[in-house]
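What follows is a short report on a single structure.
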Amino acid sequence: MEIIELFRILALVNSLKRNKSYQLTFDKLILLDFCLEHNKLMIEGNEDNWDFDSINSYFHLQPSRESYYKRVNILTAKGLLKRDINKNQYSFSITEFGENFCSGFDNETFNKMLNNAELVLKMYKGMSMTDLQNIMYDRTKDALLK
Amino acid sequence: MIRINSISLKGPKGNYKVNFSSGLNFISGPMATGKSTILEMINYCFGSKSHKDYIEVRRNCTEAILDVNFGEKRILIERSLFDFRVPIKIFEWDEKNEKFSNLFKLFNVLGPKDENSLSNYLLAQLGWPVIKVHGQPLSYRDVFKYCYVSQEQMGTENLLGERSGVQGFKRKPTFEFILEFLNNFTHELKEEKKQREEELNKFHIQKKAILDFLEATNSLRGHEINLKSEKLKSNISFLADKITNLREKGVVNESKSEKLEFEFHNIRKLIIEFQDKIQENINFLSKLKLLRNQYNSELEKVNFIIASHGVLEKVDFIKCPACMAPITDTDDHICYLCGDPLTELSVDEIKAYNGEKLRLSRKATELAEFIEDKVNSEKELKYKLSMLISRKNQISDKLTLSRKNYVSPILEELELLNQEYGELVAELKSLDELRKISDEMNLVSEEVSRKEYELEELKKRIKASESERKEKDILLSELSRIFSYTLKSFEFPKLVNSYIDSKSYLPYVRGIRYNQLGSGGASTLIHLAYMLAITLISSREKLAHPGVLIFDTIGKNLGGSGQLEDVDFKDELILKNIVKTMLDICSKYHNIQIIVTNNGYPANLPSENLVVQFGGDEDGKLQYGLIV
């Protein structure tokens, strides 16, 4: 299992710890995780920092839902995330154990993930899913064409 | 060592000058003829606070000018009369032109605490540091008290100011300074050396800053500026002739505009080539940067894998990840799927990851260096391109202007030539500005050389002070012997058993302190012998006395008419002996200069030593006085 992907999802959910009212559904999780994964495109916007993953991100706009299920299940099974059912859909939030785990793991890359997760939420949390998807489509297409 | 060359009083009606030579200089004349004025003006130029209000001087003179040598260096000190606060002008001798420079420096007549004081300047000329005695800086004036004895001071019973209380507290330490057994003399020299080194360092920094500026702007220097300037002037002259010729004859042989057109087309081609190269470079660079960023991202991921492995694994499952059912039996640190114990990465695995890390780092570093080279070459190309574009625009403007305004090719040619003429003149003007900076650079360099020389002299002095200094007791003993010998040479019968006390530095005669003798004549002789002894020993041992002595009225308290040969007048004989002793000293020690005045001179004075003789008699053959 890709360890980086697991920590990234953890970082994203952890950053919502202060936003109790926000419902992080499975679809929103996938979209926001995309923004976090391709932060050079979706947060920074500085072309000089792009790499090949940034250029090829267009081809990863629709990631495998199955892989995401597996990831959130692992994290939930370890007691780091909490899975609720609300209006016939799953929503995810961080547990107290998960919060402590995140604050106790002092690593430069993970700290960067936490910061970027805060920025992603700040920029895109309030947007509708359609609007966010449009932005993702436009940016990845521009990067590919460049 | 000091040697006074002349003193002049400058006035609207004329200058009143007295020349001096080395050795003994005798000024003779009756009272009120200006003898003391001469000496007082020398003292005034050396920085005394004021001078007396002489009526003839006030009526006829405005400045006093002293021509003096400090070792090999000759200077002119010019000071306004009657206005004592006006700064003093110092003119330095120009060796190259063999006259005094027209440029002067200004110095204040303030104490040595002021950096720009005359005192500090004169001390620097003598190569002495500014040292402190009892917390006060020693000034040139303090030392000069051992050179100049005015008429009022001659024969006073207050040689070292021992009766002047607070005013005289520096006389004794100054005595020690002159004989160079001031305890901290060498230490003070070293402090001075440290200060001068710091000052010199600042000048070096200034010089370097100007040099760096000239280098950074690729500016020409020194004779290169002159060469370029000459070339420009020659081109300007050639163009001027060409323009005149064209105006007069009206024939165009070689069209300037055709040449410009040709150049224009070439430059345009070059510009396109450069632009293509640059674009190619940019494209290549953007791909390289992508690759570099990818390496960095991969590196980050590898680092994270190494750092995080085992962290998440150690968190126990509380539910089954497949069906999300709770797990009740917990067994710490085993994998619930396969039962293997959870471990950290093995040593081999860590080595593999580290190896990967190293490979990625190396690639990223090499790539970064390659990218930097490419970026630099791109900058160079862009710079060259901008130069070409600028030149192209210039040519285009010229051609447009000439074509637009002029139908005749002659007029067009004239316009172009005039433009070129204007450009050359502007370039010449900017060269002049550059020359100013270059001149400033030269001034700073000269100042640096001068300060380096002064510092070297100071270092030599420190070395001499450390190695050659005699013990204080030996010096005092020697001084005492010379004083006794000199006093004896005056042949005043009652002045026997004389010596200088090692504690008070005061003269003792016949077992008692000099100021207890009660004789004006004896005091005069003791005063003269004392000053002569200090000067003589300083000259012999190369100590700190300036080497000049100025005595006003050496015959004070001695009586005698001056020119009588009658040996029954013992005071007249004493005067002869004084002069003989002075002549002997000057013949043996050529770096000692003595200037004396008196009402009359003894018969044994050689004529070459009589610098001035005033008659005091309006109908007499001699000049009446200093100011006629």
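Proteins come first, then strands; the chains are lettered A, B, ... in the order of their sequence lines, and each starts at number 1.
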Fill in the blank from the handout: Correct closest heavy-atom pair for B:Ser297 and A:Asp51 would be OG-OD2, 2.5 Å
Problem - Nearest non-hydrogen partners of A:Ala77 and B:Phe317, listed with the distance - result: CB-CD2, 3.4 Å
Handout entry: Spacing of CD belonging to A:Glu108 relative to CG belonging to B:Asn303, to within rounding of 0.5 Å
Key = 8.5 Å
Practice task
For a side-chain contact (heavy atoms from CB on, under 4.5 Å) with B:Ser308, tell me which candidate from A:Ile3, A:Ile4, A:Leu6 qualifies.
Solution key: A:Ile3
Handout entry: Contact origin within A:Phe52 toward chain B - heavy atom pairs under 4.5 Å
Key = both
Problem - Closest-packed option against chain B by number of heavy-atom pairs under 4.5 Å, given A:Thr109, A:Leu75, A:Val72 - result: A:Thr109
Practice task
Measure from the side-chain N and O atoms of B:Lys319 to the backbone N and O of A:Thr76, and report whether any donor-acceptor pair falls under 3.5 Å.
Solution key: no
Handout entry: Whether over 12 other heavy atoms sit under 6.0 Å from A:Tyr22 OH
Key = yes
Exercise for the section: Could you list which of residues 269-292 of chain B have a heavy atom closer than 4.5 Å to any heavy atom of chain A, in residue-number order? Expected result: B:Lys289, B:Leu290, B:Leu291, B:Arg292
Problem - CD (B:Glu423) with more than 12 external heavy atoms under 6.0 Å - result: yes
Handout entry: Portion of A:Tyr69 that has a non-hydrogen atom of chain B nearer than 4.5 angstrom
Key = neither
Completion exercise
Nearest heavy-atom approach of A:Lys78 to B:Val315 is NZ-O, 2.6 Å
Exercise for the section: Kindly compute the distance separating CD1 (A:Ile74) from CG (B:Leu312), expressed to the nearest 0.5 Å. Expected result: 8.0 Å
Handout entry: A:Asn107 versus chain B, the contacting section by heavy-atom distance below 4.5 Å
Key = side chain
Practice task
Check the surroundings of atom NZ in B:Lys429: do more than 12 heavy atoms from other residues, nucleotides or ligands lie under 6.0 Å from it?
Solution key: no
Handout entry: Plane angle bin for B:Phe304 and A:Phe7 - parallel if under 30°, tilted between 30 and 60°, otherwise perpendicular
Key = perpendicular
Exercise for the section: Measure across B:Glu298 and A:Asp53 and return the closest heavy-atom pair with its distance rounded to 0.1 Å. Expected result: OE2-OD2, 4.4 Å
